[in-house]
Amino acid sequence: MLATAVVAAVTTPVLLLSVTPALADTAPSGASRTQGQGDRGKPSVEELEKAAEKAQKVYDDAVAADRAARDIVDAALSDEAPLAVAAATARKEAAAAATAKESADKTLADATAARAALPETATDDEKAAADQAVTDAEGAARSAADTTAAADTKATTAGRAADDARVAAVREYSKVRDALKKALAEKKAADKALADAREEEEPELPGCDLENRLLTVVTGLPSKIVAGSTTDFSLRVTNGTDKTLDKVSSRVYFHATDKTGYNVIDDAFHVQWSTAASPGWKNTQGNSVRSLGALKAGTHTDVKLRLKVDATAPAGIGLAFVGGDYVNDDETCGGNMSTEHDFELLAATGDTGNADGGGDGDDTTPGTSTPGTPETEPQGATSTTPVASSTAAGTTTTLTPTGALASTGSPSALPQLTAAAATATVLGAAVVLTARRRRADSA
(Lines give C-alpha, C1' and ligand atoms only; values in the text may rest on other atoms or scores of the structure.)
Protein backbone atom coordinates (compact mmCIF):
# COMPACT_ATOMS: atom_id res chain seq x y z
CA MET A 1 0.00 0.00 0.00
CA LEU A 2 2.80 2.39 0.95
CA ALA A 3 4.76 1.54 -2.20
CA THR A 4 1.72 2.33 -4.34
CA ALA A 5 1.18 5.58 -2.47
CA VAL A 6 4.86 6.52 -2.90
CA VAL A 7 4.66 5.98 -6.65
CA ALA A 8 1.43 7.99 -6.72
CA ALA A 9 3.12 10.79 -4.84
CA VAL A 10 5.39 11.44 -7.82
CA THR A 11 2.35 12.68 -9.69
CA THR A 12 0.47 13.96 -6.62
CA PRO A 13 -0.67 17.29 -8.06
CA VAL A 14 -2.08 15.57 -11.14
CA LEU A 15 -3.95 12.95 -9.09
CA LEU A 16 -5.39 15.47 -6.68
CA LEU A 17 -6.36 17.81 -9.50
CA SER A 18 -8.29 14.92 -11.06
CA VAL A 19 -10.16 14.36 -7.79
CA THR A 20 -11.27 17.96 -7.24
CA PRO A 21 -12.98 18.59 -10.62
CA ALA A 22 -14.83 15.29 -10.30
CA LEU A 23 -16.30 16.47 -7.03
CA ALA A 24 -17.12 19.84 -8.53
CA ASP A 25 -18.94 18.18 -11.44
CA THR A 26 -21.13 16.02 -9.18
CA ALA A 27 -21.87 18.55 -6.43
CA PRO A 28 -25.42 19.94 -6.68
CA SER A 29 -25.70 23.68 -7.05
CA GLY A 30 -28.14 25.33 -4.67
CA ALA A 31 -28.48 28.31 -6.97
CA SER A 32 -29.31 26.16 -9.99
CA ARG A 33 -31.88 24.17 -8.00
CA THR A 34 -33.56 27.34 -6.78
CA GLN A 35 -33.61 28.82 -10.27
CA GLY A 36 -35.10 25.63 -11.73
CA GLN A 37 -37.89 25.62 -9.17
CA GLY A 38 -38.64 29.32 -9.30
CA ASP A 39 -41.27 29.00 -12.01
CA ARG A 40 -43.21 26.14 -10.45
CA GLY A 41 -43.31 27.04 -6.77
CA LYS A 42 -42.16 24.86 -3.90
CA PRO A 43 -40.62 21.46 -4.72
CA SER A 44 -42.61 18.42 -3.74
CA VAL A 45 -41.55 16.05 -0.98
CA GLU A 46 -40.69 13.47 -3.65
CA GLU A 47 -38.41 15.96 -5.41
CA LEU A 48 -36.76 16.90 -2.13
CA GLU A 49 -36.23 13.22 -1.33
CA LYS A 50 -34.41 12.80 -4.65
CA ALA A 51 -32.35 15.93 -3.97
CA ALA A 52 -31.44 14.67 -0.51
CA GLU A 53 -30.48 11.29 -1.95
CA LYS A 54 -28.27 12.96 -4.56
CA ALA A 55 -26.67 15.22 -1.95
CA GLN A 56 -25.98 12.17 0.20
CA LYS A 57 -24.23 10.42 -2.71
CA VAL A 58 -22.14 13.50 -3.46
CA TYR A 59 -21.15 13.69 0.18
CA ASP A 60 -20.26 9.98 0.29
CA ASP A 61 -18.10 10.46 -2.84
CA ALA A 62 -16.44 13.49 -1.25
CA VAL A 63 -15.64 11.47 1.87
CA ALA A 64 -14.07 8.72 -0.25
CA ALA A 65 -12.11 11.30 -2.27
CA ASP A 66 -10.89 12.94 0.92
CA ARG A 67 -9.70 9.59 2.23
CA ALA A 68 -7.81 8.86 -1.03
CA ALA A 69 -6.36 12.36 -1.18
CA ARG A 70 -5.16 12.05 2.38
CA ASP A 71 -3.27 8.89 1.48
CA ILE A 72 -1.61 10.72 -1.40
CA VAL A 73 -0.62 13.65 0.80
CA ASP A 74 0.78 11.33 3.45
CA ALA A 75 2.86 9.62 0.77
CA ALA A 76 4.05 12.96 -0.63
CA LEU A 77 5.13 14.10 2.82
CA SER A 78 6.89 10.81 3.54
CA ASP A 79 10.69 10.52 3.48
CA GLU A 80 10.20 7.57 1.12
CA ALA A 81 8.61 9.69 -1.61
CA PRO A 82 10.76 9.50 -4.80
CA LEU A 83 11.54 13.22 -4.85
CA ALA A 84 12.36 13.11 -1.15
CA VAL A 85 14.67 10.14 -1.74
CA ALA A 86 16.33 11.95 -4.68
CA ALA A 87 16.84 15.06 -2.55
CA ALA A 88 18.36 13.00 0.26
CA THR A 89 20.72 11.27 -2.19
CA ALA A 90 21.77 14.60 -3.67
CA ARG A 91 22.50 15.96 -0.22
CA LYS A 92 24.69 12.95 0.56
CA GLU A 93 26.58 13.42 -2.75
CA ALA A 94 27.10 17.12 -1.98
CA ALA A 95 28.39 16.25 1.47
CA ALA A 96 30.82 13.69 0.00
CA ALA A 97 32.01 16.24 -2.59
CA ALA A 98 32.59 18.80 0.12
CA THR A 99 34.67 16.28 2.08
CA ALA A 100 36.73 15.47 -1.04
CA LYS A 101 37.29 19.19 -1.68
CA GLU A 102 38.52 19.69 1.86
CA SER A 103 40.97 16.83 1.36
CA ALA A 104 42.16 18.25 -1.97
CA ASP A 105 42.62 21.71 -0.49
CA LYS A 106 44.64 20.25 2.36
CA THR A 107 46.82 18.30 -0.09
CA LEU A 108 47.46 21.51 -2.04
CA ALA A 109 48.35 23.38 1.10
CA ASP A 110 50.71 20.63 2.20
CA ALA A 111 52.41 20.53 -1.24
CA THR A 112 52.79 24.27 -1.27
CA ALA A 113 54.28 24.25 2.24
CA ALA A 114 56.65 21.43 1.36
CA ARG A 115 57.95 23.27 -1.68
CA ALA A 116 58.50 26.41 0.36
CA ALA A 117 60.38 24.40 2.99
CA LEU A 118 63.01 23.05 0.52
CA PRO A 119 66.51 24.02 1.67
CA GLU A 120 68.86 26.04 -0.54
CA THR A 121 70.87 22.91 -0.99
CA ALA A 122 67.88 21.12 -2.66
CA THR A 123 68.72 19.58 -5.98
CA ASP A 124 67.00 20.45 -9.21
CA ASP A 125 65.15 17.11 -9.16
CA GLU A 126 63.82 17.80 -5.64
CA LYS A 127 62.66 21.24 -6.71
CA ALA A 128 60.99 19.82 -9.84
CA ALA A 129 59.24 17.15 -7.80
CA ALA A 130 57.95 19.76 -5.36
CA ASP A 131 56.67 21.92 -8.22
CA GLN A 132 54.89 18.92 -9.76
CA ALA A 133 53.29 18.04 -6.45
CA VAL A 134 51.87 21.54 -6.16
CA THR A 135 50.63 21.46 -9.76
CA ASP A 136 48.94 18.10 -9.27
CA ALA A 137 47.37 19.29 -5.99
CA GLU A 138 46.07 22.45 -7.65
CA GLY A 139 44.43 20.38 -10.38
CA ALA A 140 42.83 18.06 -7.86
CA ALA A 141 41.58 20.99 -5.78
CA ARG A 142 40.02 22.66 -8.85
CA SER A 143 38.33 19.39 -9.84
CA ALA A 144 37.02 18.87 -6.28
CA ALA A 145 35.71 22.42 -6.23
CA ASP A 146 33.86 21.88 -9.53
CA THR A 147 32.40 18.58 -8.25
CA THR A 148 31.29 20.21 -5.02
CA ALA A 149 29.62 23.09 -6.84
CA ALA A 150 27.77 20.67 -9.12
CA ALA A 151 26.69 18.50 -6.17
CA ASP A 152 25.47 21.53 -4.26
CA THR A 153 23.42 22.69 -7.25
CA LYS A 154 21.97 19.23 -7.69
CA ALA A 155 21.07 18.98 -3.99
CA THR A 156 19.46 22.41 -4.04
CA THR A 157 17.42 21.57 -7.13
CA ALA A 158 16.32 18.19 -5.74
CA GLY A 159 15.38 19.76 -2.39
CA ARG A 160 13.29 22.42 -4.09
CA ALA A 161 11.55 19.80 -6.21
CA ALA A 162 10.68 17.76 -3.12
CA ASP A 163 9.46 20.84 -1.26
CA ASP A 164 7.41 22.02 -4.24
CA ALA A 165 5.77 18.60 -4.49
CA ARG A 166 4.85 18.67 -0.81
CA VAL A 167 3.40 22.19 -1.07
CA ALA A 168 1.45 21.28 -4.20
CA ALA A 169 0.08 18.15 -2.53
CA VAL A 170 -1.10 20.11 0.50
CA ARG A 171 -2.67 22.82 -1.67
CA GLU A 172 -4.58 20.30 -3.77
CA TYR A 173 -5.65 18.44 -0.65
CA SER A 174 -7.09 21.66 0.74
CA LYS A 175 -9.26 21.85 -2.39
CA VAL A 176 -10.51 18.34 -1.73
CA ARG A 177 -11.27 19.35 1.86
CA ASP A 178 -13.18 22.40 0.62
CA ALA A 179 -15.19 20.15 -1.71
CA LEU A 180 -15.99 17.90 1.26
CA LYS A 181 -17.16 20.85 3.35
CA LYS A 182 -19.32 22.08 0.49
CA ALA A 183 -20.82 18.62 -0.01
CA LEU A 184 -21.60 18.39 3.70
CA ALA A 185 -23.28 21.81 3.67
CA GLU A 186 -25.33 20.81 0.61
CA LYS A 187 -26.33 17.57 2.32
CA LYS A 188 -27.44 19.34 5.50
CA ALA A 189 -29.41 21.89 3.48
CA ALA A 190 -31.13 19.14 1.47
CA ASP A 191 -31.94 17.15 4.61
CA LYS A 192 -33.37 20.23 6.32
CA ALA A 193 -35.47 21.17 3.30
CA LEU A 194 -36.87 17.64 3.22
CA ALA A 195 -37.57 17.62 6.97
CA ASP A 196 -39.28 21.01 6.78
CA ALA A 197 -41.44 19.89 3.87
CA ARG A 198 -42.48 16.72 5.66
CA GLU A 199 -43.31 18.70 8.78
CA GLU A 200 -45.47 21.08 6.75
CA GLU A 201 -47.38 18.10 5.37
CA GLU A 202 -48.27 16.79 8.85
CA PRO A 203 -51.49 18.26 10.21
CA GLU A 204 -50.96 20.38 13.29
CA LEU A 205 -52.86 19.05 16.27
CA PRO A 206 -54.60 21.70 18.36
CA GLY A 207 -53.59 21.91 21.99
CA CYS A 208 -55.78 20.70 24.84
CA ASP A 209 -57.47 23.24 27.12
CA LEU A 210 -57.63 23.45 30.90
CA GLU A 211 -61.30 23.01 31.72
CA ASN A 212 -62.10 23.23 35.44
CA ARG A 213 -65.85 23.21 34.72
CA LEU A 214 -65.39 19.48 34.17
CA LEU A 215 -65.87 18.42 37.80
CA THR A 216 -64.64 15.17 39.37
CA VAL A 217 -65.98 14.61 42.92
CA VAL A 218 -64.97 11.66 45.11
CA THR A 219 -67.35 10.30 47.77
CA GLY A 220 -66.59 7.75 50.48
CA LEU A 221 -62.82 7.68 50.35
CA PRO A 222 -61.62 7.34 53.98
CA SER A 223 -58.81 9.29 55.58
CA LYS A 224 -57.31 6.07 56.96
CA ILE A 225 -56.80 2.90 54.93
CA VAL A 226 -55.60 -0.42 56.30
CA ALA A 227 -53.18 -2.64 54.39
CA GLY A 228 -54.95 -5.79 53.15
CA SER A 229 -58.35 -4.04 53.08
CA THR A 230 -60.84 -3.38 50.32
CA THR A 231 -62.45 0.07 50.17
CA ASP A 232 -65.43 0.96 47.98
CA PHE A 233 -66.00 4.60 47.07
CA SER A 234 -67.51 6.52 44.18
CA LEU A 235 -66.66 9.21 41.66
CA ARG A 236 -69.08 11.63 40.05
CA VAL A 237 -68.00 13.32 36.81
CA THR A 238 -70.03 16.43 35.96
CA ASN A 239 -70.02 18.45 32.75
CA GLY A 240 -70.38 22.00 34.03
CA THR A 241 -69.69 23.53 30.62
CA ASP A 242 -72.29 24.85 28.19
CA LYS A 243 -71.55 22.26 25.50
CA THR A 244 -71.58 18.50 25.04
CA LEU A 245 -68.31 16.70 25.70
CA ASP A 246 -68.14 13.76 23.28
CA LYS A 247 -65.73 11.37 25.01
CA VAL A 248 -65.25 11.88 28.75
CA SER A 249 -62.79 9.89 30.86
CA SER A 250 -61.66 9.82 34.48
CA ARG A 251 -58.39 8.92 36.13
CA VAL A 252 -57.65 7.64 39.62
CA TYR A 253 -54.09 7.28 40.86
CA PHE A 254 -52.83 6.31 44.32
CA HIS A 255 -49.35 7.34 45.39
CA ALA A 256 -47.84 6.50 48.78
CA THR A 257 -44.60 5.94 50.65
CA ASP A 258 -43.71 4.26 53.90
CA LYS A 259 -43.21 6.44 56.97
CA THR A 260 -39.66 7.37 55.92
CA GLY A 261 -41.07 9.18 52.91
CA TYR A 262 -38.45 7.62 50.63
CA ASN A 263 -39.75 4.15 49.74
CA VAL A 264 -42.54 4.38 47.16
CA ILE A 265 -45.24 1.68 47.50
CA ASP A 266 -47.59 2.62 44.62
CA ASP A 267 -47.61 -0.99 43.38
CA ALA A 268 -49.49 -2.05 46.53
CA PHE A 269 -52.64 -0.21 45.40
CA HIS A 270 -55.08 -1.80 42.93
CA VAL A 271 -58.18 -0.01 41.64
CA GLN A 272 -61.27 -1.54 39.99
CA TRP A 273 -64.26 0.24 38.49
CA SER A 274 -67.85 -0.38 37.58
CA THR A 275 -70.72 1.64 36.10
CA ALA A 276 -74.43 1.01 35.54
CA ALA A 277 -73.78 0.72 31.82
CA SER A 278 -70.82 -1.58 32.35
CA PRO A 279 -71.53 -3.62 35.50
CA GLY A 280 -69.04 -6.00 37.07
CA TRP A 281 -65.71 -5.05 38.51
CA LYS A 282 -62.92 -4.39 36.01
CA ASN A 283 -59.30 -3.44 36.64
CA THR A 284 -58.26 0.04 35.62
CA GLN A 285 -55.75 0.21 32.78
CA GLY A 286 -52.93 2.60 33.43
CA ASN A 287 -54.87 3.92 36.45
CA SER A 288 -57.64 5.06 34.10
CA VAL A 289 -61.34 4.36 33.73
CA ARG A 290 -62.12 3.83 30.10
CA SER A 291 -64.33 6.32 28.22
CA LEU A 292 -67.49 7.19 30.12
CA GLY A 293 -69.16 8.24 26.86
CA ALA A 294 -70.62 11.64 26.03
CA LEU A 295 -71.82 14.10 28.65
CA LYS A 296 -74.27 16.80 27.70
CA ALA A 297 -74.00 20.22 29.32
CA GLY A 298 -75.17 20.14 32.92
CA THR A 299 -75.23 16.32 33.25
CA HIS A 300 -73.14 13.91 35.25
CA THR A 301 -72.21 10.24 35.37
CA ASP A 302 -71.26 8.08 38.37
CA VAL A 303 -68.46 5.54 38.62
CA LYS A 304 -68.13 2.95 41.39
CA LEU A 305 -64.53 2.43 42.45
CA ARG A 306 -62.92 -0.26 44.57
CA LEU A 307 -59.47 0.05 46.10
CA LYS A 308 -57.56 -3.06 47.19
CA VAL A 309 -54.31 -2.68 49.16
CA ASP A 310 -51.76 -5.48 49.48
CA ALA A 311 -51.64 -6.92 53.00
CA THR A 312 -47.84 -6.63 52.94
CA ALA A 313 -47.90 -2.86 52.43
CA PRO A 314 -46.12 -1.02 55.27
CA ALA A 315 -47.66 1.80 57.25
CA GLY A 316 -47.19 5.17 55.60
CA ILE A 317 -48.85 8.19 54.04
CA GLY A 318 -50.39 8.70 50.65
CA LEU A 319 -52.32 10.82 48.20
CA ALA A 320 -55.10 9.88 45.81
CA PHE A 321 -55.24 11.94 42.62
CA VAL A 322 -58.52 12.15 40.72
CA GLY A 323 -59.22 14.01 37.52
CA GLY A 324 -61.12 14.01 34.27
CA ASP A 325 -60.57 14.85 30.61
CA TYR A 326 -62.39 14.82 27.30
CA VAL A 327 -61.79 14.51 23.57
CA ASN A 328 -64.40 15.87 21.17
CA ASP A 329 -65.25 14.72 17.67
CA ASP A 330 -63.89 18.01 16.29
CA GLU A 331 -60.47 17.11 17.77
CA THR A 332 -60.66 19.66 20.59
CA CYS A 333 -59.71 18.29 23.99
CA GLY A 334 -59.12 19.31 27.57
CA GLY A 335 -59.21 18.31 31.20
CA ASN A 336 -59.50 19.61 34.71
CA MET A 337 -56.88 19.96 37.38
CA SER A 338 -56.44 16.80 39.41
CA THR A 339 -57.77 16.82 42.95
CA GLU A 340 -55.75 15.53 45.90
CA HIS A 341 -57.08 13.35 48.73
CA ASP A 342 -54.55 12.61 51.46
CA PHE A 343 -54.82 9.50 53.61
CA GLU A 344 -52.91 7.53 56.21
CA LEU A 345 -51.99 3.94 55.45
CA LEU A 346 -52.11 1.62 58.46
CA ALA A 347 -50.35 -1.71 58.68
CA ALA A 348 -52.51 -4.86 58.45
CA THR A 349 -54.14 -5.85 61.77
CA GLY A 350 -55.25 -9.41 60.92
CA ASP A 351 -59.02 -8.83 61.49
CA THR A 352 -60.11 -7.57 58.10
CA GLY A 353 -63.16 -6.87 56.00
CA ASN A 354 -64.65 -4.51 53.42
CA ALA A 355 -64.00 -0.93 54.46
CA ASP A 356 -67.53 0.32 53.89
CA GLY A 357 -69.47 -2.91 53.50
CA GLY A 358 -69.96 -2.29 49.76
CA GLY A 359 -68.94 -4.34 46.74
CA ASP A 360 -69.10 -8.02 45.90
CA GLY A 361 -67.87 -10.28 48.69
CA ASP A 362 -65.94 -12.66 46.44
CA ASP A 363 -64.06 -9.75 44.88
CA THR A 364 -62.81 -8.36 48.16
CA THR A 365 -59.48 -8.82 49.81
CA PRO A 366 -59.60 -9.16 53.65
CA GLY A 367 -58.76 -5.98 55.47
CA THR A 368 -60.15 -3.04 57.41
CA SER A 369 -60.28 0.70 56.79
CA THR A 370 -61.77 3.72 58.44
CA PRO A 371 -64.83 4.64 56.34
CA GLY A 372 -64.91 8.17 55.08
CA THR A 373 -67.80 10.57 55.37
CA PRO A 374 -69.64 11.00 52.05
CA GLU A 375 -68.64 14.23 50.44
CA THR A 376 -71.04 16.47 48.58
CA GLU A 377 -68.64 19.25 47.63
CA PRO A 378 -65.80 19.00 45.06
CA GLN A 379 -62.52 18.35 46.80
CA GLY A 380 -59.52 20.61 46.62
CA ALA A 381 -57.31 20.81 43.53
CA THR A 382 -53.67 21.79 43.58
CA SER A 383 -52.19 20.24 40.41
CA THR A 384 -52.00 22.42 37.32
CA THR A 385 -52.14 19.78 34.56
CA PRO A 386 -55.22 18.01 33.09
CA VAL A 387 -55.36 14.29 33.82
CA ALA A 388 -56.21 11.89 30.98
CA SER A 389 -57.68 8.43 30.22
CA SER A 390 -60.48 6.47 28.34
CA THR A 391 -63.53 3.73 28.88
CA ALA A 392 -67.10 2.33 28.42
CA ALA A 393 -70.28 4.34 28.84
CA GLY A 394 -71.56 5.20 32.35
CA THR A 395 -74.96 6.27 33.70
CA THR A 396 -75.89 9.84 32.80
CA THR A 397 -78.42 12.01 34.63
CA THR A 398 -79.32 15.69 34.42
CA LEU A 399 -77.78 17.98 37.01
CA THR A 400 -77.39 21.70 37.40
CA PRO A 401 -73.76 22.06 38.46
CA THR A 402 -73.03 24.30 41.40
CA GLY A 403 -69.99 25.18 43.45
CA ALA A 404 -66.34 25.44 42.44
CA LEU A 405 -63.15 23.57 43.17
CA ALA A 406 -62.12 24.30 46.73
CA SER A 407 -58.48 24.56 47.76
CA THR A 408 -57.41 22.05 50.39
CA GLY A 409 -54.02 22.03 52.03
CA SER A 410 -51.82 19.00 52.62
CA PRO A 411 -50.81 17.96 56.14
CA SER A 412 -47.30 18.91 57.19
CA ALA A 413 -46.12 15.30 56.85
CA LEU A 414 -46.92 15.22 53.10
CA PRO A 415 -45.04 17.98 51.23
CA GLN A 416 -42.32 15.79 49.71
CA LEU A 417 -44.93 13.14 48.85
CA THR A 418 -47.11 15.74 47.16
CA ALA A 419 -44.24 17.06 45.05
CA ALA A 420 -43.23 13.62 43.82
CA ALA A 421 -46.78 12.46 43.14
CA ALA A 422 -47.81 15.70 41.45
CA THR A 423 -44.85 15.46 39.08
CA ALA A 424 -45.74 11.90 38.15
CA THR A 425 -49.41 12.79 37.67
CA VAL A 426 -48.64 15.82 35.51
CA LEU A 427 -46.34 13.85 33.24
CA GLY A 428 -48.74 10.91 33.02
CA ALA A 429 -51.65 13.19 32.18
CA ALA A 430 -49.77 14.81 29.30
CA VAL A 431 -48.78 11.43 27.88
CA VAL A 432 -52.29 9.99 28.07
CA LEU A 433 -53.93 13.04 26.55
CA THR A 434 -51.46 12.98 23.67
CA ALA A 435 -51.96 9.25 23.13
CA ARG A 436 -55.74 9.61 23.13
CA ARG A 437 -55.60 12.51 20.69
CA ARG A 438 -53.52 10.43 18.30
CA ARG A 439 -55.90 7.49 18.58
CA ALA A 440 -58.82 9.82 17.86
CA ASP A 441 -57.00 11.27 14.84
CA SER A 442 -56.28 7.85 13.38
CA ALA A 443 -59.85 6.57 13.96
Side-chain angles (χ1 to χ4, degrees), residues 202-219 233-254 271-306 320-339 378-379 381 383-401 404-405 424-443:
E202 295 180 358
E204 183 177 354
L205 297 177
C208 294
D209 298 324
L210 176 63
E211 182 53 84
N212 282 329
R213 290 178 297 174
L214 177 63
L215 304 178
T216 47
V217 180
V218 167
T219 302
F233 59 105
S234 63
L235 171 67
R236 173 166 289 186
V237 182
T238 302
N239 178 6
T241 71
D242 57 0
K243 61 184 178 181
T244 297
L245 303 179
D246 297 323
K247 299 180 183 67
V248 178
S249 304
S250 64
R251 186 177 182 85
V252 181
Y253 176 68
F254 283 82
V271 180
Q272 295 179 311
W273 65 276
S274 175
T275 63
S278 181
W281 292 105
K282 294 166 285 294
N283 294 328
T284 58
Q285 296 183 14
N287 300 312
S288 66
V289 177
R290 292 289 184 175
S291 177
L292 301 175
L295 274 182
K296 294 182 179 180
T299 65
H300 70 263
T301 184
D302 294 319
V303 183
K304 293 180 181 179
L305 295 169
R306 173 169 291 176
F321 289 85
V322 180
D325 67 88
Y326 66 89
V327 176
N328 291 326
D329 295 338
D330 63 359
E331 297 186 353
T332 59
C333 61
N336 64 2
M337 294 188 296
S338 62
T339 60
Q379 303 204 17
S383 173
T384 59
T385 302
V387 185
S389 61
S390 26
T391 34
T395 305
T396 304
T397 59
T398 303
L399 173 72
T400 301
L405 289 175
T425 303
V426 167
L427 295 177
V431 171
V432 176
L433 274 175
T434 303
R436 182 170 296 107
R437 282 303 308 283
R438 294 192 178 276
R439 287 200 299 270
D441 293 336
S442 63

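Just so you know, these numbers use all the heavy atoms, side chains as well, and skip hydrogens, waters and symmetry mates. In this text, all values refer to a predicted model and were calculated from it rather than measured experimentally. Residues take their numbers from the sequence shown, with the count starting at 1.
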Where do D330 and T332 come nearest, in terms of heavy atoms and distance?
-> OD1-OG1, 2.6 Å
Do the non-hydrogen side-chain atoms of [X] and [Y] ever get within less than 4.5 Å of each other?
X	Y	value
N336	T216	yes
L305	V271	yes
L214	L245	yes
L235	D302	no
F233	T219	no
H300	L215	no

Going by atom types alone, do Q272 and N283 pair a side-chain donor with an acceptor below 3.5 Å?
-> yes
Does [X] use its side chain to pair, donor to acceptor, with the backbone of [Y] at less than 3.5 Å?
X	Y	result
D209	E211	no
T339	V322	yes
S278	T275	no
N328	D246	yes

Whether Y253 and F321 hold their rings parallel, tilted or perpendicular, with breakpoints at 30° and 60° | tilted
Excluding sequence neighbours, so at least two apart, what forms side-chain contact (heavy atoms from CB on, under 4.5 Å) with S274?
-> W281, K304
Residues in side chain to side chain donor-acceptor pair (under 3.5 Å) contact with K243, at least two apart in sequence or another chain | none
With sequence neighbours left out, the residues meeting side chain to side chain donor-acceptor pair (under 3.5 Å) with D242 are none
Spatial distance of atom [atom1] ([X]) from atom [atom2] ([Y]) [nearest 0.5 Å]:
X	Y	atom1	atom2	answer
M337	L210	CE	CG	6.0 Å
Y326	L292	OH	CG	15.0 Å
R251	S338	CZ	OG	10.0 Å

How far apart are the C-alpha atoms of T238 and R213, what are their side-chain angles, what is the distance that settles it, and do they pass the side chain to side chain contact (heavy atoms under 4.5 Å, CB included) test?
-> CA-CA 8 Å; T238 302; R213 290 178 297 174; over 6 Å; no
